[in-house]
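Some notes on the structure that comes next.
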Amino acid sequence: MSTWTQLLSGAELSVDDAPEHPPVVVARSTLAGIDAAKAHARTAGVVLLVADAPGSVSADVRRGIRVLSGAIAVVRAPWVNALRGVNTVPDTPALTKASAAVMTSIAKQWRYAQ
């Protein structure tokens, strides 16, 4: 199970699954991640772009995010150093705060949110 799936208490789906509601698509904030998210934008409820490194993204990635944002709501997850190289998400106040902020953004932007 991916780290952000654990943080958001989600479930991972395969490409062949047919979820009841539009899923949250999780991708890295790289050109390859953005391209993968574009492939699922039509059926997704929102795309969660997870920072692939600390600091700002390149100009090419910023452009890719703008294009993706034109097709689907995009939520950006920050770089969280405490998540690097872990198999199980540690229970820390900083992670709780980061995941709560991301979850709030997803809830506000997710297509078909109740």
Do Leu95 and Leu83 touch side chain to side chain, with heavy atoms closer than 4.5 Å? yes
Quick one: closest heavy-atom pair of Ala98 and Val80, and the distance? CB-CG2, 4.4 Å
Any side-chain heavy-atom pair from Ile34 and Ser29 closer than 4.5 angstrom? no
I'd like to know if Val25 and Val61 are part of one continuous hydrophobic network [Ile/Leu/Val/Met/Phe/Trp/Tyr, side-chain heavy atoms within less than 4.5 Å]. yes
Which heavy atom in Ile72 sits nearest to a heavy atom in Ala41, and how many Å separate them? CD1-O, 3.7 Å
If I compare all heavy atoms of Val74 with all of Ser69, which pair ends up nearest, and what's the gap? CG2-OG, 3.6 Å
Exercise: identify the closest heavy-atom pair between Ala27 and Gly33: CB-O, 3.4 Å
Check: Val50 main-chain N/O paired with Trp79 side-chain donor or acceptor under 3.5 Å: no
Quick one, Val67 and Lys38 - any side-chain contact, counting heavy atoms below 4.5 Å? yes
Side chain to side chain contact (heavy atoms under 4.5 Å, CB included) assessment of Val24 paired with Ile106: CA-CA 8 Å; Val24 174; Ile106 289 171; 4.0 Å; yes
Pairwise side-chain contact, Val46 with Pro22, heavy-atom cut-off 4.5 Å (strictly under): no
Which atom names give the shortest non-hydrogen contact between Val102 and Pro78, and what distance separates them? CG2-CD, 4.0 Å
Distance-only side-chain donor-acceptor flag, Asp52 / Thr30, under 3.5 Å: no
Linked, directly or transitively: Met103 and Val89 (ILVMFWY side chains, under 4.5 Å): yes
Quick check: do Val57 and Arg76 have side-chain heavy atoms less than 4.5 Å from each other? yes
I'd like to check Thr104 versus Lys108 (side-chain heavy atoms, cut-off strictly below 4.5 Å). Are they in contact? yes
Give a yes or no on whether the backbone of Leu49 and the side-chain of Arg28 come within a donor-acceptor separation of less than 3.5 Å. no
Flag the pair Leu31 / Asp60 as yes when at least one side-chain heavy-atom distance between them is below 4.5 Å, and no otherwise. yes
